[in-house]
Amino acid sequence: MSNYHIKSLEEYFQVYRKSIRNPELFWEEIAEEHFTWRKRWDEIFSYDFKKPEVKWYEGAKLNITENCIDRHLHIRGEKTAIIFEPNNPNEKAKHISYNQLHTRVCKFANVLKDFGVNKGDRVCLYLPMIPELAVAVLACARIGAIHSVVFAGFSAAALSTRINDCDAKIVVTADGGFRGAKTIELKPIVDKALKDCPNVETVLVAKRTMAEVKMKKKRDKWLKPLLSKAYNDCFPELMDAEDPLFILYTSGSTGLPKGMVHTTAGYMVYTGYTFKNVFSYTEDDVYWCTADIGWITGHSYIVYGPLLNGATTVMYEGVPTYPDNGRFWKIIEKHKVNQFYTAPTAIRALAKEKIEFTQKYNLSTLKVLGTVGEPINEEAWHWYNENIGKKKSPIVDTYWQTETGGIMISPIPYVTPTTPTYATLPLPGIQPILMDDQGYEIKGNQVEGKLCIKFPWPAMARTIWGNHKRYKHTYFSTFKNNYFTGDGALRDEVGYYRITGRVDDVIIVSGHNLGTAPIEDAINEHQAVAESAVVGFPHDIKGHALYGFVTLKVMGAGRDHENLREEINQLISDRIGPIAKLNVIQFTNGLPKTRSGKIMRRILRKVASKETTNLGDTSTLLNPEVVQEIIDNAIS
Ligand code: WTA
């Protein structure tokens with residue numbers, strides 16, 4: 001029996017049982033046989049969910065880039081590690097071999113060192129989807145610096161918050177980026193952000209769009225000349241197993257984004273292991289994940305997971321709809337993609353287009369299809385299965401989170417029988433449980449509850465940067481001794497899990513997590529606004545879209561509501577980014593509140609979803625009269 005690459009359902013159950021009965025042995029064998037260590041661990045893991053404190057492979061020394069690159073060089077040095085597919089289909093794709101990746105990462109690492117970046121320092125990466133981003137991520141890891149990638153769609157304000165939160169002194173960016181027909185300026189956004197970041201000393205700038213940008217003397221440097229001069233080898237820094245590898249911010253239901261901290265050894269073992277199994281990757285396959293490296297999916301399953309397995313990973317710069325709606329399928333044909341991993345929102349959008357787009361291209365290389373980021377509805381699942389997979393490629397509906405580091409619940413292709421909308425079974429080592437509102441575990445099958453994980457796994461985030469208390473409060477206080485995901489789930493009669501959605505104030509819009517509180521804060525900054533509440537409602541393509549209820553300081557007083565809506569959305573765009581803009585804004589005289597002053601979001605959610613026939617108990621409302629007004633003026 002091979003622990004590492006599960007090939008049958010029987011084997012899955014055996015491996016799963018072993019991982020639960022003897023997690024030490026299970027994770028020891030995987031670490032030992034499939035990864036390179038400079039020093040062996042003293043202990044496989046230890047944990048205390050009360051503190052909470054979790055450690056994996058303590059005592060070990062390693063460098064993840066040695067595992068992602070160096071160890072492959074003598075066997076597959078000339079193999080393509082990264083295929084870069086540019087936004088413009090007429091620009092040539094770039095194939096970067098493992099040897100070339102090694103040189104590029106080493107050079108980049110040496111440039112960072114020249115600017116005084118040391119082990120443990122934070123480096124903010126604000127880059128478009130160009131090879132420099134993957135290289136920069138690995139260069140940080142090479143020297144033990146902690147990367148904090150900020151998705152290049154975030155606004156200047158969101159960027160400065162993230163830079164200051166982790167006190168990064170260096171930012172890597174580009175002049176701009178190409179996304180579809182649009183050219184996005186990035187350097188000006190960085191300049192604006194840095195007005196609020198006095199500690200940033202250096203900005204390294206890659207050239208992509210060739211747009212003219214202002215370079216601030218002493219602070220700003222073009223990357224290219226520095227890289228060409230840099231020495232092409234760099235000794236990998238020896239890291240402790242629990243040294244932080246990166247910080248990645250994710251939205252919370254309240255306040256500032258949470259800087260999730262992932263550490264080195266556990267993250268490496270888990271992303272390597274899950275990549276191999278969930279995509280059933282074999283040596284000559286070409287794998288493509290369409291996510292942006294600015295999100296966890298890109299970290300774990302464009303960069304680390306694939307490279308740990310010596311895979312060929314495609315990195316696409318652009319959008320699914322450029323120059324037309326066939327672009328994804330064209331790329332699959334062009335690079336003979338075997339595993340394709342994308343978001344339900346992209347599938348839903350493309351499913352609305354002419355079917356000819358999918359028929360024009362040869363998709364016969366596909367072996368595995370994946371989805372991630374939000375529940376996939378049945379219609380989208382079937383469309384994907386029939387038109388892209390031609391009913392031959394299993395769909396892996398992968399459930400996980402920024403916090404979990406890697407995929408938690410997912411079918412294993414050609415092993416686990418799939419059921420549309422079900423993420424199916426936990427991967428080895430993962431122990432999900434469902435809880436009721438009283439905090440008790442709901443046992444048995446055909447039950448529904450709040451999804452928790454009762455046992456540690458190697459890639460779980462260890463803390464929130466600078467705020468361990470918040471980490472404990474968010475994930476370990478709702479259900480004692482359990483990690484709480486924030487999601488609801490049901491378990492069917494055979495034990496398959498289906499994720500039903502968030503049970504907190506996080507809304508997933510087009511696969512992006514958005515906290516309602518920061519959006520409301522942005523709205524409330526508008527001088528005319530008294531108060532606001534944002535809720536999600538079902539949307540055909542985005543999964544969920546945002547509906548804002550806004551009370552003005554002076555209602556109706558001759559203000560142009562259309563203008564106000566635009567101003568509010570502009571504010572949201574400035575404070576967070578265009579992804580957080582509201583689809584619908586309804587102005588109201590008041591928001592339904594409980595006697596203790598809490599906004600009753602449940603009612604607003606129902607209004608936004610047009611489910612107002614049964615509003616549930618409203619007897620505790622302080623101002624029941626506003627409910628009817630809100631229903632009467634709801635915007636469809
Ligand atoms: C949701 C993305 C249903 C879930 C990797 C989770 C999903 C949040 C699925 C994390 C799925 C992710 N089915 N829901 N297959 N995958 N989610 O941090 O609500 O961006 O908590 O990580 O996305 O989003 P995040």
Side-chain angles (χ1 to χ4, degrees), residues 149-151 153-154 246-253 257-262 267 270-271 274-275 278 289-302 304-305 341-348 369-378 380-381 384 395-411 416 418-427 430 432 448 450-453 459-461 464 474-475 478 483-491 496-515 536 538 542-544 579-580:
V149 183
V150 177
F151 172 60
F154 276 118
F246 65 86
I247 301 169
L248 185 60
Y249 288 88
T250 188
S251 306
S253 15
K258 298 170 289 191
M260 304 314 305
V261 177
H262 283 283
Y267 177 83
Y270 195 73
T271 52
T274 50
F275 175 77
V278 172
C289 165
T290 68
D292 191 291
I293 295 177
W295 310 113
I296 191 70
T297 305
H299 281 59
S300 301
Y301 299 109
I302 295 177
Y304 289 113
Y341 191 30
T342 195
T345 187
I347 299 168
R348 287 190 296 262
L369 300 176
T371 71
V372 57
E374 54 183 318
I376 178 163
N377 50 307
E378 197 143 353
W381 194 99
Y384 198 29
I395 295 177
V396 291
D397 175 354
T398 67
Y399 167 75
W400 59 297
Q401 309 178 295
T402 305
E403 293 86 337
T404 67
I407 297 165
M408 303 290 279
I409 305 180
S410 168
T416 320
T418 56
T419 304
T421 76
Y422 281 78
T424 73
L425 297 171
L427 293 178
I430 304 306
E448 184 167 355
K450 292 182 175 161
L451 180 64
C452 290
I453 315 290
M460 64 190 295
I464 291 174
T474 311
Y475 304 106
T478 318
Y483 167 83
F484 176 39
T485 60
D487 287 304
L490 60 84
R491 192 165 49 222
Y496 275 16
Y497 287 88
R498 174 188 189 171
I499 311 302
T500 50
R502 300 292 310 186
V503 292
D504 56 8
D505 290 327
V506 171
I507 303 169
I508 305 193
V509 179
S510 299
H512 303 313
N513 284 8
L514 297 169
K542 298 177 173 193
H544 281 96
I579 49 176

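Remember, it's 1-based here, ligands and their atoms both numbered in the order they're listed.
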Of all heavy-atom pairs linking R498 and T421, the shortest is CG-O, 3.3 Å
Any side-chain donor paired with an acceptor under 3.5 Å for Y267 and S300? yes
T297 versus Y341, side-chain donor and acceptor atoms under 3.5 Å: no
Please work out whether the ring planes of W295 and F154 are parallel, tilted or perpendicular, with thresholds of 30° and 60°. perpendicular
- Message: Can you classify the ring geometry of Y301 versus W400 as parallel (below 30°), tilted (30 to 60°) or perpendicular (above 60°)?
- Response: perpendicular
Filter the ligand 1-protein atom pairs down to N or O on both sides and distance under 3.5 Å, then list them.
residue, atom, partner, partner atom, Å
ligand 1, 13 (N), E374, O, 3.4
ligand 1, 14 (N), P375, N, 3.4
ligand 1, 15 (N), D397, OD1, 2.7
ligand 1, 15 (N), T398, O, 2.7
ligand 1, 16 (N), G373, N, 3.1
ligand 1, 16 (N), T398, O, 3.4
ligand 1, 17 (N), G373, O, 3.4
ligand 1, 18 (O), T402, N, 2.8
ligand 1, 18 (O), T402, OG1, 2.5
ligand 1, 18 (O), N513, ND2, 3.4
ligand 1, 19 (O), D487, OD1, 2.6
ligand 1, 19 (O), D487, OD2, 3.3
ligand 1, 21 (O), Q401, NE2, 2.9
ligand 1, 21 (O), D487, OD1, 3.4
ligand 1, 21 (O), D487, OD2, 2.5
ligand 1, 21 (O), R502, NH1, 2.7
ligand 1, 22 (O), T402, N, 3.4
ligand 1, 23 (O), G373, O, 3.1
ligand 1, 24 (O), N513, OD1, 3.2
ligand 1, 24 (O), N513, ND2, 3.2

- Spell out, as yes or no, whether a donor-acceptor pair under 3.5 Å connects the side chain of T290 to the backbone of T342. no
